[in-house]
Amino acid sequence: MDPAPPTVIELTGITTRFGQHVVHRDLELSVVHGEILCIVGGSGSGKTTLLRQMLGLDRPSEGRIEVLGKALSELGAEELNALRRHSGVLFQRGALFSALSVAENVALPLRELRTFDEELIRETALLRLEMVGLSRADGGKMPAELSGGMTKRAALARALALEPRIAFLDEPTAGLDPESSETFVELIRELHRELQLTVVMVTHDLDTLVALSDRIAVLADQRVIVAAPIQEVIKVAHPFIQTYFLAGRGRRALSALSTQVAAGANC
């Protein structure tokens with residue numbers, strides 16, 4: 001039997017308060033190497049807050065977060081920045097800097113390290129663009145000239161600029177039409193496999209969730225009520241799960257998954 005993959009992120013006893021409002025209470029969650037973990041939950045359940053805490057951008061009111069074996073609360077600013085270099089982030093709307101070209105946006109994380117010469121930085125940025133399906137010519141464009149799908153690809157190239165071990169994706173297919181969304185999902189799947197990435201993704205899109213996730217962490221009642229493969233999640237008798245996964249669109253997404261699984265078994 002193969003050994004279990006190591007844990008790369010561990011959240012223990014996380015409580016998050018904003019004034020009197022409690023978002024998370026005694027939340028527990030782990031992420032293992034090489035998986036795609038999708039985080040879902042209703043509005044205000046603290047999905048993006050949890051992502052920011054894993055990145056060390058926000059700190060919980062109580063609890064402990066370990067990333068790659070290091071407790072974030074015990075790290076100084078310099079150590080935290082060094083740890084973040086092992087992580088890449090795709091923000092919900094891409095968050096490209098409008099005053100920089102596409103290639104300059106991708107090059108920014110490399111340039112901030114101040115350890116590479118300009119020629120290597122430029123070439124690496126162009127290679128990352130090619131990795132996500134953009135051309136070198138696209139690198140000379142400004143963000144305003146890109147379509148929604150191209151913006152997502154450029155933002156993903158920037159997230160992968162430093163060859164991270166963990167990729168954090170916040171609503172990666174939000175704002176894309178169905179065809180562009182499907183293509184982008186396939187790109188994430190390919191890069192996950194080729195780069196052996198661990199992926200933590202927040203999404204509300206059921207098609208993306210079903211297509212990509214190894215496990216799904218469901219946020220409800222201020223905690224993670226289940227973190228498991230989708231086939232196990234939908235068996236949990238909780239109102240959010242029943243509404244989210246087993247209503248009309250959820251049933252269609254699950255039906256499509258069943259069809260894909262059956263087709264693969266018959267190959």
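- Residues meeting the side chain to side chain donor-acceptor pair (under 3.5 Å) test with Arg223, sequence neighbours left out: none.
- For Phe240, the ring-ring contact (aromatic ring centres under 6.0 Å, His included) partners at least two apart in sequence or on another chain are Tyr244.
- Under a 3.5 Å cut-off, the side chain of Asp58 and the backbone N or O of Arg52 do not form any donor-acceptor pair.
- Glu35 places no side-chain N or O within donor-acceptor distance of the main-chain N or O of Val199, the cut-off being under 3.5 Å.
- Using a cutoff of 4.0 Å between basic side-chain nitrogens and carboxylate oxygens, Glu104 and Arg158 are not scored as salt-bridged.
- Arg153 pairs by the side chain to side chain donor-acceptor pair (under 3.5 Å) definition with nothing, not counting sequence neighbours.
- Every residue two or more places apart in sequence or in another chain that forms a side chain to side chain donor-acceptor pair (under 3.5 Å) with Arg136 is listed here: Glu123, Glu130.
- For the side chain to side chain donor-acceptor pair (under 3.5 Å) condition, the pairs that include at least one residue of residues 21-30, sequence neighbours left out, are Thr16-His24, Arg25-Gln222.
- Partners of His86 by side chain to side chain donor-acceptor pair (under 3.5 Å), not counting sequence neighbours: none found.
- Distance alone, capped at 3.5 Å, is enough to place a donor-acceptor pair between the Glu145 side chain and the Met142 backbone.
- The pair Glu194-Arg189 fails the salt-bridge criterion, with no side-chain N (NZ, NE, NH1 or NH2) lying under 4.0 Å from an Asp/Glu carboxylate O.
- For the pair Glu232 and Lys235, the salt-bridge criterion is not met [side-chain N within less than 4.0 Å of a carboxylate O].
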